[in-house]
Amino acid sequence: MTAVDERVEPAPAPPRRPNRLLASLRNGWRQLTSMRTALVLLFLLALAAIPGSLLPQRGVNRENVGEYYAAHPDLAPTLDRLGFFEVYASPWFSAIYLLLFTSLIGCVLPRLAEHVRALRSVPPDAPRNLARLPQHAAPAASDAAPADAAAAIARSLRGFRTRVREHADGSWTVGAEKGYAKETGNLLFHVALLAVLVGVGFGSWYGWHGNRLVVAGADKAFCNTLQQYDESGLGARVQPADLPPFCVQLDTFDATWTEDGQPTSFRADVTVESGGAAEQRSFSVNDPLRLDGASVYLLGNGYAPILRFTDRYGQQLTRVVPFLPTDSLQTAEGVAMFADVNVDPATGRQPADAQWAFEGLYMPTVRSQPPFTSSTYPGERDPAVMLFAYRGDLGLEVGNPASVYQLPRGQIDRGKLKPVGEGRLLRPGEAWQLADGSRIEFAGTRRWITVSVRANPAQSLLLVGSVAGLAGLMLSLAGRRRRVFFRVTPAGPAAAGGPAGVSLIEAGGLPRTDYPGFADEFDRLVAAARAERPE
Amino acid sequence: MMEELSNQLLVVTVLAYLAAMIGHAAEYAFGTRSHVGRAALRPEAELAYAGAPATPPAAPVVSPVAAAAGPAAPRDTTGAAWAGRAAVALYAVGVAAHTGTVVTRGLAAGRLTWGNMYEYILTATLIAAVVWAGVLVRRPALRHLGLYVSLVLVVLIGAAGMVAYTPVGPLVPALDSYWFVIHVAAVMISSGIFLVGVVPATMYLLRTGYDNGKRSFPYTLGRRAPAAALLERLTFRMHAFAFPIWTFGALIAGPIWAEASWGRYWGWDPKEVWAFISWVVYAGYLHARATPSVKRTTAMWIAIAGFVTMLMNLFGVNLFFEGLHSYADAG
Ligand code: HEM
């Protein structure tokens with residue numbers, strides 16, 4: 001380590017005539033990549049994120065946006081035009097983070113180059129006046145020759161990069177530096193932020209999702225095609241044909257509750273078929289079903305009453321109707337419509353007012369006394385369905401799109417679909433004989449679940465990026481860059497041209513980052529350097 | 001049984017912190033010659049050194065009480081100093097009762113105590129209280145900042161008990177995940193530290209204001225605050241310590257859990273939005289502090305803004321917004 005270092009500085013380039021445009025571009029770039037700009041942009045980013053938590057967002061809950069429109073008809077369209085219902089995809093939000101990341105790149109690249117240079121270069125030589133440094137140890141005598149003493153000092157500085165230099169005046173210096181990990185960590189952190197941004201963009205291009213409700217039973221299985229989802233979204237680079245082929249059938253769904261009806265566990269057992277092979281799997285909240293190319297998440301659950309309609313000609317029609325819960329005790333509402341009933345087998349004609357519809361309230365545990373309006377427990381201890389019958393013309397063939405969860409209100413308002421009698425409470429197996437000779441039977445229930453099927457191929461990149469970023473952040477925040485310098489000058493006889501023997505050791509220390517404990521470390525280093533015996 | 005005990009201990013906790021606050025206030029008001037006065041008058045260099053990060057030669061494990069009574073005020077027998085010492089003792093009682101509240105609550109529920117907002121605040125403030133006790137052990141010179149710490153604790157715990165109280169219940173299945181445990185633990189620990197960090201940040205502003213000749217009301221409080229450099233460094237160390245934990249808890253563990261639970265790692269749910277905002281603001285603080293051209297007072301204001309965003313997330317979002325975070329339900 002006794003190489004003598006002479007680094008020749010490159011000669012300054014001859015001055016060129018300044019170009020106005022270039023100069024102002026360069027100036028703008030310098031502004032953009034300054035820390036102050038980064039600060040302002042960070043602040044703007046925080047500010048711009050706020051409206052997204054105050055106003056309903058399409059990406060979070062589409063219905064709430066509709067409600068907001070209804071409640072503020074004057075304000076909503078303007079807000080919408082300005083992107084306030086999709087804040088995180090709005091041009092202004094994007095502009096802020098893109099500028100921030102441009103600034104980040106402009107900031108990181110030069111620092112990366114600088115850091116690589118610093119890593120490859122050697123610690124600088126000691127400044128002439130060590131006493132001017134924040135830490136200083138006054139010269140103290142050593143009985144080793146300067147060269148040996150310098151070598152011993154370099155040896156004692158464990159973990160430091162050191163450089164020993166000999167000078168023309170017979171003195172030796174040791175320059176040492178430690179704590180490069182701080183800058184390495186800082187750069188790693190900022191680069192990881194870029195990786196995360198890339199991952200987010202990549203995920204929105206190549207990710208997709210579909211949501212649907214699945215009723216238990218082989219007849220209600222679904223396959224992973226776009227048409228089978230109630231709601232879906234494909235990334236810009238995903239085609240419907242890209243969805244991996246598999247089918248899922250809900251076999252059983254188990255839930256447990258505490259005595260007062262708080263849920264404690266959910267589990268869905270399913271049969272998954274892909275590539276011709278069927279497999280039993282189960283999944284739950286927090287433990288999704290991981291399939292090849294997609295994951296299936298359990299979102300909600302409920303009951304689907306089985307309603308069997310027997311018309312006056314004896315024809316039977318069975319509907320399994322998912323009822324949607326309205327409270328945490330699984331009181332649920334639903335609608336069953338029977339349009340193709342009471343067709344005279346002789347004529348093939350359906351009389352007017354022959355269609356039936358039922359509006360129902362399902363209670364897995366019905367109250368023991370009327371009114372039968374709500375469930376008292378979410379499990380099926382005493383299930384019952386309260387049905388309200390409507391008779392007449394459902395108006396379905398006219399082609400109005402019918403919701404499966406709502407009666408055709410228009411037909412009721414026009415008097416074409418009329419309520420019949422009072423509601424009727426039915427327990428499993430019980431039937432209600434209707435006026436025209438039809439009957440409706442409550443034949444029990446099946447379970448249903450709502451699932452979200454999703455794929456995001458960028459997720460592992462995001463995870464790796466964010467963990468690397470965290471590691472970098474910790475290095476950066478905990479790291480401390482500092483330099484120490486030693487100067488060994490010949491003293492006594494050697495200085496006077498006599499035999500080498502005695503020297504004076506002086507030291508200085510420079511913390512290059514905020515490091516309040518540096519004085520202690522410096523004292524320890526100096527003591528260790530003085531104690532180190534020359535070989 | 002345990003639940004009742006927990007509720008009673010909550011009252012003890014609030015009363016003890018309240019009494020500690022009064023003790024600190026008494027010391028503050030009367031203590032020119034006391035510990036407070038001396039700490040304020042001590043030369044900055046010495047304090048800066050006292051505030052050095054301690055790789056202290058084997059930091060002895062001392063209870064906050066012993067620490068305050070020991071090296072902090074060796075021969076100080078003024079009434080104000082006694083008030084200060086009593087305040088620290090009461091604070092220790094508060095921490096003990098606080099711990100008892102959380103532990104009995106956990107026993108009553110048979111699980112970790114972060115299933116709802118009430119438990120969350122209770123546990124996060126306990127972490128803050130313990131962090132502050134740790135600071136006290138290492139830096140007895142900062143004792144009287146306990147006035148502000150106990151004030152914040154009384155307000156937050158009182159608010160938890162009054163607005164957010166929830167009877168003991170089981171975890172809803174959505175929260176039944178070890179990622180949830182990790183996520184909330186990290187978020188609570190970092191919130192607790194940020195919570196303590198805002199005290200020196202505020203005191204720094206008061207102190208520098210006072211040093212710059214401001215003599216109107218809030219700045220007069222800065223007269224007896226420790227040296228600005230010490231407060232500044234303490235603020236930075238707390239934030240630099242909490243920030244990676246927050247990054248891990250809110251922006252890594254949270255999304256991992258959200259992915260398993262809801263199918264998306266990030267969905268701009270109001271709680272996520274505000275966690276992101278806090279993160280960005282605290283990143284701004286760290287930047288501002290590292291930029292020489294930005295004034296230290298500006299950096300401090302950013303740190304305080306960060307804390308406000310945390311409060312917004314804890315109270316504002318939980319109480320006023322509808323979101324997926326079901327533990328946010330306030331009773
Ligand atoms: C995407 C937004 C950004 C975030 C979230 C972010 C976050 C952070 C954090 C948390 C630190 C603290 C780590 C430390 O102190 O070492 C930091 C440090 C730093 N950042 Fe950023 N940063 C961002 C963008 C930028 C930009 C655009 C620049 C350049 C203009 C920049 C330059 C720096 C520098 C130079 C440091 C080191 C400060 C020091 O010397 O300690 N950052 N950043």
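Letters go in sequence order (proteins before strands), and every chain restarts at 1. What you are looking at is a predicted structure, and each value in this text was computed from that prediction instead of being measured.
Using a 4.5 Å heavy-atom threshold, the side chains of B:V273 and A:V87 count as separate. Side-chain contact between B:Y265 and A:V200 is present, with at least one heavy-atom pair separated by less than 4.5 Å. By the 4.5 Å heavy-atom criterion applied to side chains, B:W274 and A:I50 are counted as neighbours.
Residue B:V280 comes nearest to A:L42 through the heavy atom pair CG1-O, 3.0 Å, listed as atom of the first residue, atom of the second, then distance.
Within a 6.0 Å sphere centred on CD of B:E4, other residues, nucleotides and ligands contribute 12 heavy atoms or fewer. Residue A:F101 places its CZ atom among more than 12 non-hydrogen atoms of other residues, nucleotides or ligands, all under 6.0 Å distant. Summarising the local packing, OH of A:Y229 is surrounded by more than 12 heavy atoms from other residues, nucleotides or ligands at distances under 6.0 Å. Atom CH2 of B:W301 has 12 or fewer heavy atoms from other residues, nucleotides or ligands within 6.0 Å.
Of the listed residues (B:A305, B:A258, B:S293), the one with the most heavy-atom contacts under 4.5 Å to chain A is B:S293. The most heavy-atom pairs under 4.5 Å with chain A, out of B:P244, B:G263, B:S278, come from B:G263. When the candidates B:T247, B:T291, B:I252 are compared by the number of heavy-atom contacts under 4.5 Å with chain A, B:I252 comes out ahead. Chosen from B:G267, B:A283, B:A288, the residue pairing most often with chain A at heavy-atom distances under 4.5 Å is B:A288. If you tally non-hydrogen atom pairs under 4.5 Å between each of A:E521, A:R36, A:Q57 and chain B, the highest count goes to A:R36.
If you take CH2 on B:W279 and CG on A:L45, they are separated by 9.0 Å, rounding to the nearest 0.5 Å. In this structure, CG on A:N286 lies 6.5 Å from CH2 on B:W257, to the nearest 0.5 angstrom. The OG atom of A:S295 sits 6.0 Å away from atom CD of B:E259, with the distance rounded to the nearest 0.5 Å. Remark: A:L462 CG to B:L251 CG distance equals 12.0 Å, nearest 0.5 Å. Of the inter-residue distances, the one linking A:L47 atom CG with B:I277 atom CD1 reads 8.5 Å to the nearest 0.5 angstrom. One finds the NZ atom of B:K271 at 11.0 Å from the OG atom of A:S53 (value rounded to the nearest 0.5 Å).
The aromatic rings of B:F276 and A:F93 lie tilted to each other, with the angle between the two planes from 30° to 60°. Using bins of under 30°, 30° to 60° and over 60° for the plane-to-plane angle, the ring pair B:H287/A:H190 lands in the parallel bin.
Using a 4.5 Å cut-off between heavy atoms, A:D287 contacts chain B through its backbone alone, with no side-chain atom that close. With a 4.5 Å cut-off on non-hydrogen atoms, A:S265 touches chain B through its backbone but not through its side chain. Looking at A:F189, the atoms closer than 4.5 Å to chain B (heavy atoms on both sides) all sit in the side chain, from C-beta outward.
The one candidate from A:V285, A:L299, A:L298 that meets the side-chain contact (heavy atoms from CB on, under 4.5 Å) condition with B:S261 is A:V285.
Against chain B, the residues from residues 466-475 of chain A that qualify, each with a non-hydrogen atom under 4.5 angstrom away, are A:S466, A:V467, A:L470, A:L473, A:M474 in number order.
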